[in-house]
**Student:** 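Take this structure first; my questions come after.
Fair warning: this is a prediction, and the values are worked out from it, not measured in the lab. Just the heavy atoms: all of them, side chains too, but no hydrogens, waters or symmetry mates, feed the values below. The sequence lines fix the lettering, A, B, ..., with proteins before strands; numbering per chain opens at 1.
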There are 2 protein chains.
Amino acid sequence: MEQLKNDLRQCGLRVTDQRLAVYDWLQKNPVHPTADVIWQALLPRYPNLSLTTVYNTVNALAEHGLIRTVTIDRAEQRFDGDVDDHGHFHCRLCGRITDFPIDPEDVKGMLPKGFIPEQCDVFVKGLCAACAH
Amino acid sequence: MEQLKNDLRQCGLRVTDQRLAVYDWLQKNPVHPTADVIWQALLPRYPNLSLTTVYNTVNALAEHGLIRTVTIDRAEQRFDGDVDDHGHFHCRLCGRITDFPIDPEDVKGMLPKGFIPEQCDVFVKGLCAACAH
DNA sequence: TGCTAAATTGTAATCGTTACAAACAACAAC
DNA sequence: GTTGTTGTTTGTAACGATTACAATTTAGCA
């Protein structure tokens with residue numbers, strides 16, 4: 001938790017209970033949640049927490065690279081506490097999101113000359129191992 | 001244009017002026033447009049064209065694999081007449097989207113055992129060659 | 001030519017997200 | 001500690017891309 005506080009401070013963000021709660025929850029729950037899911041999960045412990053604050057917080061964290069945004073369904077934004085490069089697999093049957101390791105160098109090798117990549121997203125749709133059996 | 005008609009018919013979709021116009025425009029304008037952009041572009045020639053019809057059409061075309069959807073900015077859906085596998089590069093300075101070739105086999109090789117991919121999306125953010133100079 | 005199911009149209013609704021202004025709290029200086 | 005400044009939180013209202021809906025029109029076929 002001290003680490004999280006330092007992360008916030010190093011980004012020039014003030015340390016607040018709400019931010020710590022959101023950040024900490026994302027670290028411990030790698031489920032690619034929407035803002036609403038985070039809000040629902042924290043409400044019991046923070047009854048005054050506003051959904052707006054959750055949005056403000058995840059936007060601030062994402063802007064400073066402390067978390068990443070994931071677009072699985074265009075209709076809603078999801079967030080990911082894991083900022084290391086990795087791919088996302090979306091099973092069209094069970095709907096589950098599975099992370100898988102990628103080598104960003106492989107992806108960067110696909111780019112035309114002169115292009116400078118800063119963030120790679122690899123997103124695959126299909127059938128997961130369980131649903132394909 | 002005959003080809004486009006056949007594409008529609010083979011998907012069990014009726015051939016209408018509106019669908020042909022949208023489909024044809026997407027083929028000839030590889031600019032990853034939003035529904036609104038398509039609508040604005042076609043309005044001069046089809047003054048009665050409804051934005052709803054553009055949405056209906058791109059959704060129908062995408063559902064049958066005749067076009068693909070691209071999510072560059074989560075806030076709005078874009079469409080791509082090129083259904084072959086390729087990556088999208090989004091320059092954070094000029095905002096331009098550049099297509100680049102990918103080898104889907106490379107991407108599939110990153111997946112865990114047993115996972116069956118059906119569609120791959122590779123999306124890279126950074127600086128394009130022109131902006132990086 | 002007429003029938004029927006599908007497509008188009010315009011309007012109204014939906015819903016995730018953001019704008020805004022007032023109340024509050026972090027944190028640095030004293 | 002106390003204070004002051006500035007950033008943050010909160011609730012509500014607005015926003016905007018997309019979709020639902022019902023009435024009208026049209027494609028495709030007998």
**Student:** Check nucleotides 1-5 of chain D for protein N or O atoms closer than 3.5 Å to its own N or O atoms and list the pairs.
**Tutor:**
none

**Student:** I'd like to check the side chain to side chain contact (heavy atoms under 4.5 Å, CB included) partners of Val15(B); sequence neighbours left out, ordered by chain and number.
**Tutor:** Lys5(B), Leu8(B), Arg9(B), Leu20(B)

**Student:** Expected output is a numbered-order residue list: members of residues 4-11 of chain B with a heavy atom under 4.0 Å from any atom of DNA chain D. What is it?
**Tutor:** Arg9(B)

**Student:** Residues two or more places apart in sequence or in another chain: which of them pass side chain to side chain contact (heavy atoms under 4.5 Å, CB included) with Phe123(A)?
**Tutor:** Ile72(A), His88(A), His90(A), Lys125(A), Asp121(B)

**Student:** Do you know which two heavy atoms are closest between Leu93(A) and Cys131(A), and how far apart they sit?
**Tutor:** CB-SG, 3.8 Å

**Student:** For the helix from dT1(C)-dA30(D) to dC30(C)-dG1(D), figure out the bend between the end axes, five pairs an end, and round to 10 degrees.
**Tutor:** 40°

**Student:** Would you find a donor on one side and an acceptor on the other, under 3.5 Å apart, between the side chain of Thr53(B) and the backbone of Leu49(B)?
**Tutor:** no

**Student:** Which ILVMFWY residues can you reach from Ile102(A) by hopping between side chains whose heavy atoms are under 4.5 Å apart?
**Tutor:** Phe89(A), Phe100(A), Val107(A), Met110(A), Leu111(A), Phe115(A), Val122(A), Val124(A), Phe89(B), Phe100(B), Ile102(B), Val107(B), Met110(B), Leu111(B), Phe115(B), Val122(B), Val124(B)

**Student:** Looking only at side chains, do Asp7(A) and His64(A) share a donor and an acceptor under 3.5 Å apart?
**Tutor:** no

**Student:** So, is Thr16(A) close to the dT8(D) phosphate, meaning a side-chain N or O under 4.0 Å from OP1 or OP2?
**Tutor:** no

**Student:** Within residues 26-39 of chain B, which residues have any heavy atom lying less than 4.0 Å from an atom of DNA chain C?
**Tutor:** none

**Student:** Would you kindly give the CG-to-P distance between Asn59(A) and dT8(D), to the nearest whole Å?
**Tutor:** 13 Å

**Student:** Distance check needed: dT10(D) P versus Arg19(A) CZ, whole Å only.
**Tutor:** 11 Å

**Student:** Should Trp39(B) and Ile67(B) be counted in the same cluster of Ile, Leu, Val, Met, Phe, Trp and Tyr side chains packed under 4.5 Å apart?
**Tutor:** yes

**Student:** Scan nucleotides 11-13 of chain D against the protein and return all N/O pairs shorter than 3.5 Å with their distances rounded to 0.1 Å.
**Tutor:**
residue: dT12(D); atom: O4; partner: Thr52(A); partner atom: OG1; Å: 3.3

**Student:** How is Arg78(B) classified with respect to the nucleic acid when contacts are heavy atoms under 4.0 Å: base, sugar-phosphate, or nothing?
**Tutor:** nothing

**Student:** Check the hydrophobic clustering (I, L, V, M, F, W, Y; side-chain heavy atoms under 4.5 Å; chains of links allowed) and say if Ile38(A) and Leu43(A) are grouped together.
**Tutor:** yes

**Student:** Where does the chain B footprint on DNA chain C start and end, counting 5' to 3' with a 4.0 Å heavy-atom cut-off?
**Tutor:** dA5(C) to dT17(C)

**Student:** Is it the case that the side chains of Asn6(A) and Gln10(A) hold a donor-acceptor pair, with the cut-off being a distance below 3.5 Å and no angle test?
**Tutor:** no

**Student:** For Trp25(B), give me all partners under side-chain hydrogen bond (donor to acceptor under 3.5 Å, both in side chains), at least two apart in sequence or on another chain.
**Tutor:** Asn29(B)

**Student:** Linking I/L/V/M/F/W/Y whenever their side-chain heavy atoms sit closer than 4.5 Å, directly or via other members, would Ile97(B) and Val58(B) fall into one cluster?
**Tutor:** no

**Student:** Would you say Arg19(B) and Val22(B) make side-chain contact, with heavy atoms under 4.5 Å?
**Tutor:** no

**Student:** Between Pro33(B) and Leu26(B), is there a side-chain heavy-atom distance shorter than 4.5 Å?
**Tutor:** yes

**Student:** For Ala75(B), which contact category applies under a 4.0 Å heavy-atom criterion: base, sugar-phosphate, or nothing?
**Tutor:** sugar-phosphate

**Student:** Within the 4.5 Å heavy-atom criterion, are Leu42(B) and Gln18(B) side-chain neighbours or not?
**Tutor:** no

**Student:** How do Phe79(B) and Asp17(B) order along DNA chain D: which one's closest nucleotide is nearer the 5' end?
**Tutor:** Phe79(B)

**Student:** Can we say Asp85(A) and Arg68(A) salt-bridge, meaning some charged N sits less than 4.0 Å from an Asp/Glu carboxylate O?
**Tutor:** yes

**Student:** Under 4.0 Å between a side-chain N/O of Gln18(A) and OP1 or OP2 of dT10(D), yes or no?
**Tutor:** yes

**Student:** Under a 4.5 Å cut-off applied to non-hydrogen side-chain atoms, are Pro101(A) and His86(A) in contact?
**Tutor:** no

**Student:** Who are the side chain to side chain contact (heavy atoms under 4.5 Å, CB included) partners of Thr34(B), not counting sequence neighbours?
**Tutor:** Asp36(B), Val37(B), Glu76(B), Arg78(B)

**Student:** Please name all residues satisfying side chain to side chain contact (heavy atoms under 4.5 Å, CB included) with Arg92(A), sequence neighbours left out, ordered by chain then number.
**Tutor:** Leu127(A), Glu118(B)

**Student:** For the pair made of OH in Tyr55(A) and P in dA14(D), what is the distance, rounded to whole Å?
**Tutor:** 19 Å

